[in-house]
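Heavy-atom basis, side chains included; hydrogens, waters and symmetry copies ignored. Each chain gets a letter, A, B and so on, in the order the sequences are listed, and its residues count up from 1.
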Amino acid sequence: MKKETRMPEAKLEQIAPYRWRLSQDFQPGMNVPGEIIASESMIPHILSDNTPKQVANVATLPGIVGASLAMPDIHWGYGFPIGGVAAFDLDEGIISPGGVGYDINCGVSLLRSNLTSREIRSDIPKLVDALFNRVPCGVGSEGKIKLSGNDLTRVLEKGARWVVEQGLADKDDLEFIEENGGMTDSDPSLVSDRARERARKQLGTLGSGNHFLEIQVVEKIFQPEIAEAFGLYKGQVVVMIHSGSRGLGHQVCDESLKVMQGAARKYQLDLVDRQLACAPFKSPEGQDYFSVMKCAANYAWANRLAMSGLVRQTFAEYYGKPWQSLGMSMVWDVCHNIASVEEFAIDSSSHKRKLCVHRKGATRAFGPGDSSLPERYRNVGQPVLIPGDMGRASYVLAGTETAYKTTFGSTCHGAGRVMSRKAAVRATQKGNIARKLAERGIIVRSRGKWTLNEEIPEAYKDVEDVVAAVHGAGISQKVARLKPMGTVKG
DNA sequence: ATGTTC
């Protein structure tokens with residue numbers, strides 16, 4: 001669907017602080033209302049961007065329950081908006097590749113350390129160079145790991161566990177990755193030869209675009225007790241990785257969309273936008289997509305963990321001691337592009353139902369007491385990792401009870417683009433970006449010719465505003481603000 | 001996001 005410049009008077013009714021309802025009569029065929037989490041000052045931009053139209057389109061899909069949701073970092077996406085959450089009944093509902101996105105299991109991981117910014121400030125340029133040289137990045141980048149056919153199949157089955165078995169990461173890491181770094185019942189036989197070929201050489205590579213690897217300092221603590229549980233304190237150095245499933249996820253999504261176009265016709269699904277291509281969750285096509293999506297998701301977890309291993313090697317070599325004595329253990333790893341079967345109570349009912357939750361540019365935000373959380377975080381809720389732009393900040397939040405009730409245990413995933421890549425390049429001069437950031441004490445190295453121009457801070461909403469909205473809505477709470485010190489971009 | 005048009 002073409003993005004329209006004007007929208008037919010979207011009515012967004014404020015129903016609670018930071019919560020806005022798009023009425024079911026906004027568009028014919030909506031099965032549920034829409035709901036957008038945002039601060040009042042964001043509403044004009046959201047309306048002018050026409051993304052409520054995509055929220056309404058998703059609401060027309062069969063079996064959707066509750067509401068078609070959007071987070072404050074919403075922007076225009078393929079069919080479903082980026083920053084969208086939609087949950088479907090397993091019997092009457094659908095599953096859609098457009099509800100997950102091209103970069104299946106794009107996500108973020110965070111390593112802590114026992115270093116302080118004061119100690120390592122002067123090392124940053126050399127450390128960034130060393131990371132840049134060790135972690136392959138950029139479009140089409142290939143790593144040192146060349147997977148045999150059998151090994152790739154094991155990665156698609158096991159995800160991050162395979163990386164641990166190879167001695168490239170620690171077995172304790174798995175406890176701190178969502179789904180323990182691997183979804184069960186993935187089916188590698190469904191991954192095409194072409195997708196496999198792309199995957200073989202890309203394990204442990206960063207990619208490009210908004211993906212990054214960043215040395216950060218914990219700049220501010222908002223919730224000392226939760227920060228302590230997460231092992232975070234002011235002045236501490238941490239390393240954040242934002243990456244996904246690389247060419248594999250893209251290939252899988254592309255091929256699945258073609259299958260789903262046929263499936264939508266076969267099952268006579270009346271789609272208001274072709275890009276909403278989907279199949280009933282329990283149909284063969286729906287189940288096949290779910291299984292092949294899991295393969296790509298598992299690859300992405302393996303990819304981020306492999307890069308964590310490279311980061312540890314880099315620091316260990318630089319400081320001449322093992323990573324363990326630098327305290328570089330895993331805080332957490334989140335996935336923000338995925339479909340997952342989870343249990344929620346709908347409306348005021350106490351009865352829980354299994355739903356297929358699509359999070360496309362939205363982060364799981366499970367609250368205190370969730371049995372799937374590791375002991376260490378059980379009482380405080382899960383860490384929620386929010387990557388910001390190059391110049392400002394990233395955030396660590398914690399999941400809340402409210403998120404279960406209002407957003408299917410979900411929150412925002414980042415700052416959210418406000419400027420197209422083209423517009424960002426037009427607005428900038430080549431060569432100036434890295435220098436300007438350096439003047440502000442942020443060392444950046446990039447592989448791509450235009451990546452830094454495309455990724456200027458001004459191309460994004462201020463992550464501060466996005467986080468304030470989800471915190472205000474109560475669907476996650478601020479724990480720590482992280483400030484960039486040195487960044488590797490693709 | 002993506003061997004940025006197999």
Side-chain angles (χ1 to χ4, degrees), chain A residues 3 54 73-84 96-109 136-143 146-147 152 191-213 241-259 261 275 292-293 295-297 299-301 303-304 307 334-339 358-363 387-390 412-426 446-455 459-460 488-490:
Chain A
K3 181 170 163 177
Q54 289 199 313
D73 48 338
I74 182 175
H75 54 115
W76 195 265
Y78 183 95
F80 291 59
I82 295 161
S96 173
V100 171
Y102 269 89
D103 190 3
I104 296 166
N105 190 0
C106 184
V108 186
S109 68
C137 64
V139 175
S141 51
E142 298 180 351
K146 300 277 192 291
L147 298 169
L152 174 59
V191 177
S192 70
D193 288 345
R194 192 154 158 213
R196 289 177 67 91
E197 202 46 48
R198 295 182 76 168
R200 280 185 53 220
K201 299 171 181 174
Q202 292 193 315
L203 197 72
T205 67
L206 188 64
S208 74
N210 65 358
H211 289 170
F212 65 75
L213 192 171
I241 297 170
H242 180 201
S243 184
S245 50
R246 310 288 287 102
L248 171 66
H250 191 272
Q251 190 67 31
V252 164
C253 179
D254 207 43
E255 292 169 9
S256 300
L257 281 167
K258 289 195 182 85
V259 173
Q261 293 294 352
Q275 294 185 354
V292 76
M293 180 214 76
C295 290
Y299 184 89
W301 276 308
N303 185 36
R304 286 194 292 275
M307 278 187 279
V334 304
C335 160
H336 54 225
N337 278 10
I338 200 120
H358 292 61
R359 294 192 184 92
K360 180 189 192 178
T363 313
D389 60 70
M390 292 186 295
C412 66
H413 87 303
R417 252 190 194 282
V418 288
M419 210 186 270
S420 73
R421 291 181 184 183
K422 251 185 198 168
V425 170
R426 264 199 307 269
S446 171
R447 185 76 62 186
K449 219 171 167 182
W450 298 105
T451 308
L452 294 184
N453 301 67
E454 291 168 351
E455 292 292 314
Y460 290 90
V488 173
K489 296 285 289 183

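- Computed from coordinates, the A:E255 CD to B:dT2 C1' distance equals 13 Å when rounded to whole Å.
- Between A:D193 atom CG and B:dC6 atom C1' the separation is 15 Å, expressed in whole Å.
- At whole-Å resolution of the value, OH in A:Y102 and C1' in B:dT5 are 12 Å apart.
- To the nearest angstrom, P of B:dT4 lies 15 Å from CG of A:D103.
- Of the possible polar contacts, none joining the A:T205 side chain to the A:E142 backbone as a donor-acceptor pair under 3.5 Å is found.
- Residues satisfying the side-chain contact (heavy atoms from CB on, under 4.5 Å) test with A:K449, not counting sequence neighbours, are A:K430.
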*Does the side-chain hydrogen bond (donor to acceptor under 3.5 Å, both in side chains) test come out yes or no for A:R421 and A:N453, once each step is laid out?*
CA-CA 8 Å; A:R421 291 181 184 183; A:N453 301 67; over 6 Å; no
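- Put simply, CZ on A:R447 is 18 Å from C1' on B:dT2, counting in whole angstrom units.
- Counting to the nearest Å, the P atom of B:dT4 and the NE2 atom of A:H211 are 16 Å from each other.
- At B:dT4, none of the side-chain N or O atoms of A:R421 fall inside 4.0 Å of OP1 or OP2 (strictly under the cut-off).
- In this structure A:R246 satisfies the salt bridge (Lys or Arg N to Asp or Glu O under 4.0 Å) test with no other residue, sequence neighbours excluded.
- Of the candidate nucleotides B:dT4, B:dC6, B:dT2, B:dT2 has the atom nearest to the side chain of A:R246.
- Among the heavy atoms of the strands, none lies under 4.0 Å from A:E197.
- Side-chain nitrogen and oxygen atoms of A:S208 include none within less than 4.0 Å of the OP1 or OP2 phosphate oxygen of B:dT4.
- Rounding to whole angstrom units, CG of residue A:L248 and P of B:dT2 are separated by 12 Å.
- Atom CG of A:D254 and atom C1' of B:dC6 are 10 Å apart (whole Å).
- With no hydrogens or angles considered, a side-chain donor-acceptor pair links A:S245 and A:D103 at under 3.5 Å.
- Among the nucleotides B:dT4, B:dT2, B:dC6, the one closest to the side chain of A:V139 is B:dT4.
- A:G244 comes within 4.0 angstrom of nothing in the nucleic acid, heavy atoms only.
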